[in-house]
Amino acid sequence: MQAPDWGWTSGGTALLLAVAVIGGVAFVLRFLRHPRPLFELDLLRLPRFGTANAGSFVFGVAFAIMLLSNVLWCQELWHWSALRTGLALVPGPALVPIVTLLTVRAAQRFGHGPLVAAGGLLFAGGMVWFACFASVTPDYWRGMLPSQLLTGAGVGLALGTLVAASVHAVPGHRAATGSALVNSVRQISTSVGVAVLVAVVGSHVGAASLHDFRVVWCVAAVLGVATSAFGVHLSRGGGSAQTALAASK
């Protein structure tokens with residue numbers, strides 16, 4: 001997040017990237033070797049669990065980009081108040097629980113994969129719509145509202161379904177640690193999404209940032225399509241959780 005101000009080739013940026021890589025490797029090695037790890041990373045070897053969590057991570061990054069960028073857009077480029085911005089963003093989140101409830105029976109009938117695939121594509125469509133029709137001149141009904149409805153439906157289809165797919169893929173005696181890993185992946189993806197947004201748009205947002213916003217919305221759209229690919233992979237099934245876990249040891 002500091003790279004746009006410090007410079008991507010600065011010593012501080014390079015040092016922090018190196019620390020991140022070394023810390024990440026140490027994290028993985030520690031938990032793979034510890035007899036009672038805080039995060040049971042071997043669960044990611046379960047085909048459906050690993051796929052669903054990868055999809056959750058990718059979609060979580062895209063979701064964070066969408067959510068924060070919409071707030072910044074309304075307040076910094078359209079100069080709307082916090083209250084007006086909040087009201088403008090209601091349609092998307094309001095649609096999420098409605099769609100999620102409607103997907104419960106659909107998931108039982110069609111499985112998790114098709115719903116995730118459809119949700120990712122709807123989300124991507126919403127981001128592309130806003131990237132195409134967003135204007136520095138406020139135009140809520142043509143630019144933001146259709147995007148809100150598409151992304152809201154996409155989040156309702158994909159987000160909860162990915163979590164459900166993850167939980168269903170974990171053996172019963174590993175449910176607690178599996179759920180913890182699922183939630184951790186979601187939190188990490190949110191942090192990454194915010195960092196990606198700031199890295200692309202920068203810390204100083206204004207009328208000249210229109211191109212940068214369009215770029216980051218296209219990045220979110222690509223991540224939405226990638227989420228759909230994970231949904232397709234989920235649709236192809238896989239072995240049972242118990243069999244896959246036994247094979248991974």
Side-chain angles (χ1 to χ4, degrees), residues 54-78 80 84-103 106-107 112-163 165 186 189-190 192-201 205 209-232 234:
S56 292
F57 179 83
V58 170
F59 193 72
V61 174
F63 179 73
I65 290 173
M66 179 271 295
L67 195 60
L68 182 56
S69 67
N70 283 346
V71 174
L72 290 175
W73 181 265
C74 289
Q75 292 192 292
E76 301 299 328
L77 276 82
W78 286 357
W80 286 2
R84 188 176 182 182
T85 297
L87 292 174
L89 300 181
V90 163
L95 196 57
V96 172
I98 298 173
V99 175
T100 301
L101 288 173
L102 294 175
T103 61
H112 298 113
L115 300 181
V116 173
L121 290 178
L122 283 173
F123 183 91
M127 299 312 300
V128 170
W129 181 282
F130 206 15
C132 292
F133 294 104
S135 171
V136 176
T137 303
D139 189 358
Y140 178 75
W141 299 104
R142 179 172 178 262
M144 177 168 280
L145 181 59
S147 174
Q148 283 281 298
L149 297 177
L150 287 170
T151 55
V155 172
L157 281 169
L159 191 60
T161 307
L162 283 165
V163 173
R186 290 180 59 193
S189 69
T190 300
V192 172
V194 171
V196 170
L197 173 64
V198 175
V200 175
V201 176
V205 179
S209 304
L210 175 59
H211 173 73
D212 295 331
F213 272 100
R214 284 177 171 162
V215 169
V216 83
W217 288 332
C218 288
V219 170
V222 170
L223 293 175
V225 174
T227 302
S228 293
F230 286 112
V232 172
L234 281 174

I need the L157 CG to S228 OG distance, nearest 0.5 Å. 10.0 Å
Test side chain to side chain contact (heavy atoms under 4.5 Å, CB included) on D212 and V216; report intermediate values, then the result. CA-CA 6 Å; D212 295 331; V216 83; over 6 Å; no
Inter-residue atom distance L162.CG - F57.CZ, 0.5 Å rounding: 13.5 Å
For the atom pair OG1 (T227) and CG (L121), what is the distance rounded to the nearest 0.5 Å? 9.5 Å
For Y140, check ring-ring contact (aromatic ring centres under 6.0 Å, His included) against everything at least two apart and list the hits. none
Would you please name every residue forming a side chain to side chain contact (heavy atoms under 4.5 Å, CB included) with L159, sequence neighbours left out? F59, V155, R186
Can you give the donor-acceptor pairs under 3.5 Å from side chains of residues 87-95 to other protein atoms, not counting sequence neighbours?
none

Which atom names give the shortest non-hydrogen contact between A220 and A62, and what distance separates them? O-CB, 3.8 Å
How would you list, by chain and number, every residue that makes a ring-ring contact (aromatic ring centres under 6.0 Å, His included) with F213, sequence neighbours excluded? W73, W217
Between S147 and G126, is there a donor-acceptor pair closer than 3.5 Å when you use the side chain of the first and the backbone of the second? yes
Tell me the closest heavy-atom pair linking S189 and G60, and the distance in Å. OG-CA, 3.3 Å
Mind checking the CG-CG spacing from L67 to N70? Nearest 0.5 Å is all I need. 7.0 Å
Taken to the nearest 0.5 Å, the spacing of L197 CG from S69 OG works out to 6.0 Å
Can you see which heavy atom on L223 is nearest to which on V58, and at what distance? O-CG1, 3.3 Å
Got a second to check how far W129's CH2 is from L145's CG, nearest 0.5 Å? 10.0 Å
Quick check against the 3.5 Å criterion: does T100 have a side-chain atom that pairs as donor or acceptor with the backbone of G156? yes
Residues which pass side chain to side chain contact (heavy atoms under 4.5 Å, CB included) with V222, listed by chain and number, not counting sequence neighbours: none
Which atom of A165 lies closest to which atom of L234, heavy atoms considered: CB-CD1, 4.3 Å
To check you understand the geometry: which heavy-atom pair defines the closest contact between A124 and A221, and what is its length? CB-O, 3.3 Å
Tell me, please, which residues at least two apart from A107 pass side chain to side chain contact (heavy atoms under 4.5 Å, CB included). H112, L115
Is any side-chain heavy atom of C74 closer than 4.5 Å to a side-chain heavy atom of M144? yes
